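The figures that follow rest on heavy atoms only: side chains count, while hydrogens, waters and symmetry mates do not. None of these values were measured; they are calculated from a predicted model.
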Amino acid sequence: LRKMCLSKNKASNPYYIAIANDQRKILSCLIDVGVPIDCILADDLTPLVIAAKKGSLRVVRVLLRRGAAVNQRAGAKGITPLMAACEKSHERVIYSLIKRGADVNLGLPNGTTPLMVVAKSCPLQAVAHLLAHGAEVNRKTKAGETALTFACRKGRQDTAALIIAQGCHMDYSALEVIACKSGSVDLLSLILESKEKHLQQLHAEGSDSVSKKTEGTFPESDEPTTEDGRDEEEDKEGWDTSEKSQEKHHQGKKKKKKDEDAKSSSSQDSSLLHIAAEAGSVELISFLLQRGGVDVNGMDKAGRTPLFVAIEKGPHHDVIGLLLDNKAKTNVSGGEKGLSPLGLAVTMGDLQTVSLLREKGRANVTMVDKEGYTPLTLAIKGGHQEIVSYLSERKWKQQRKGKGDTSAQPTTTATTATTNASPRVLLRVEDLQRSQTQFLVAETHRSSSRPPKEEKKNKRRRKRKKKAKRNEKNKEV
């Protein structure tokens, strides 16, 4: 029986079957027979860890009364019974293990503590219970994450507020990004408010320290000094007091400040507004815009504005409309190809976004990307007939308004897209031939300013004849 109980086969091990099926009497009989209570069973786990994972409170109590080790690690991860109960969110098992002396700060080898696991999944009462029994708030994993980051990643505002109230250390820039990605406006406002309070405290402490320094008395020296506060003897011994050296000194300080600012800005690849636009959260964007201190036209490392991100990752039409209402610029190129927001919407084939950009943002139709394409040529190239007709009509109306004649109207969309097109619109005719709209290709081919093949051949013949005449004259000479 002991050999059977020590085997790692789940189907034939009576010890494992008794724990899994919550059979307390059989379990106590096996322990009385002499089966070790902390033996290693299937998956290299102890009986107490298996019972904590299953959430069987009665079995856990029996094992604890019989003297099972509360803080023994098991398995490949080195998991404890408390960690197993926290991962599965078994509250009553957590309470009983802590009551029997389980170490609240004993976690996994990678630094994950029970408080971190509870903060992302368990109810608020379990988090408060761990904090009341001495769980450390400022412990970090090997990746530098705390219990607060776990709570923010899941968007749990109540848990984050409880942890912040315990006086934890906060990396505000990282927490703002995590809260914004979670999509919780309450959580983001909580972190921003705590950041403001922290800055106010630092400002108050700094003013107090400055006032104390100014109150102190300093001994006065009778020796002559320079304007920089150095003695004249030091200047004679080798100090360079020239104006050039002082300028170099100040320039070095400015460079250091710029480097520090660049490092702080590079920690966040994109602003909170970019993250909210990528998530398509209208609530977050409206909250950030109402709060202030956010640049609607700010660019990330890839040169993209929040409007560009909202079109690229969505398109999120509500977010695009909200950004355009708050004076987001539409005639700005971004991304690898240098597309404008209108050009990006055209390549995606989204007529609703195109109409929003044209009507609300007054996007420029003739804006060219890095490859020399306008939005109209991109629409023709992609075969988006509805966008082609929309852009050509809008362009025709603008031209007529500029000339002061609004009586005549275009007969067909094809002729308007070609007759009114500038040479830039007709770039890359070979690429346009591959388009699905054959009638547009035919019209652009007619109106193109390139000479036909016969004229090219005639020019070559004339050049050859001229060369032949020159050679004959040279021979005669």
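- Screening residues 139-155 for side-chain hydrogen bond (donor to acceptor under 3.5 Å, both in side chains) gives E136-R139, E145-R153 as the qualifying pairs, with residues at least two apart or on separate chains.
- Here the shortest heavy-atom pairing between C152 and S182 reads O-CB, 3.6 Å.
- Qualifying salt bridge (charged side-chain N to carboxylate O under 4.0 Å, His left out) partners for E196, counting only residues two or more places apart in sequence or in other chains: R291.
- By the neighbour-count criterion of 12 heavy atoms within 6.0 Å, atom CD of Q125 is sparsely surrounded, having that number or fewer from other residues, nucleotides or ligands.
- For the pair L307 and L357, the minimum side-chain heavy-atom distance is below 4.5 Å.
- Between V309 and I275 the shortest side-chain heavy-atom distance does not fall below 4.5 Å.
- Remark: side-chain polar atoms of N297 are paired, donor with acceptor, to backbone N or O of K329 under 3.5 angstrom.
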Give the intermediate values and the outcome of salt bridge (Lys or Arg N to Asp or Glu O under 4.0 Å) for residues K370 and E336.
CA-CA 9 Å; K370 289 181 180 179; E336 295 179 356; over 6 Å; no
Any chance you could lay out the salt bridge (Lys or Arg N to Asp or Glu O under 4.0 Å) test for K337 and E371, step after step, and finish with the verdict?
CA-CA 7 Å; K337 296 182 180 180; E371 295 180 358; 5.5 Å; no
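- Looking only at side-chain heavy atoms (C-beta outward), K360 and D325 come within less than 4.5 Å of each other.
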Checking side chain to side chain donor-acceptor pair (under 3.5 Å) for the pair S184/D186: CA distance, chi angles, key distance, verdict?
CA-CA 6 Å; S184 176; D186 297 332; 5.2 Å; no
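- When all heavy atoms of V388 and L376 are compared, the closest pair comes out as O-CD1, 4.0 Å.
- A distance of 9.5 Å separates CD in E176 from CG in L288, rounded to the nearest 0.5 Å.
- Under the side chain to side chain contact (heavy atoms under 4.5 Å, CB included) criterion, H133 pairs with I98, V104, H129, not counting sequence neighbours.
- Every residue two or more places apart in sequence or in another chain that forms a side chain to side chain contact (heavy atoms under 4.5 Å, CB included) with V127 is listed here: L115, V118, L131, T159, L162.
- Applying the side chain to side chain contact (heavy atoms under 4.5 Å, CB included) test to N110 and every residue at least two apart in sequence or in another chain returns L108, T112.
- Considering only residues two or more places apart in sequence or on other chains, S355 meets the side chain to side chain contact (heavy atoms under 4.5 Å, CB included) condition with E359, Y390.
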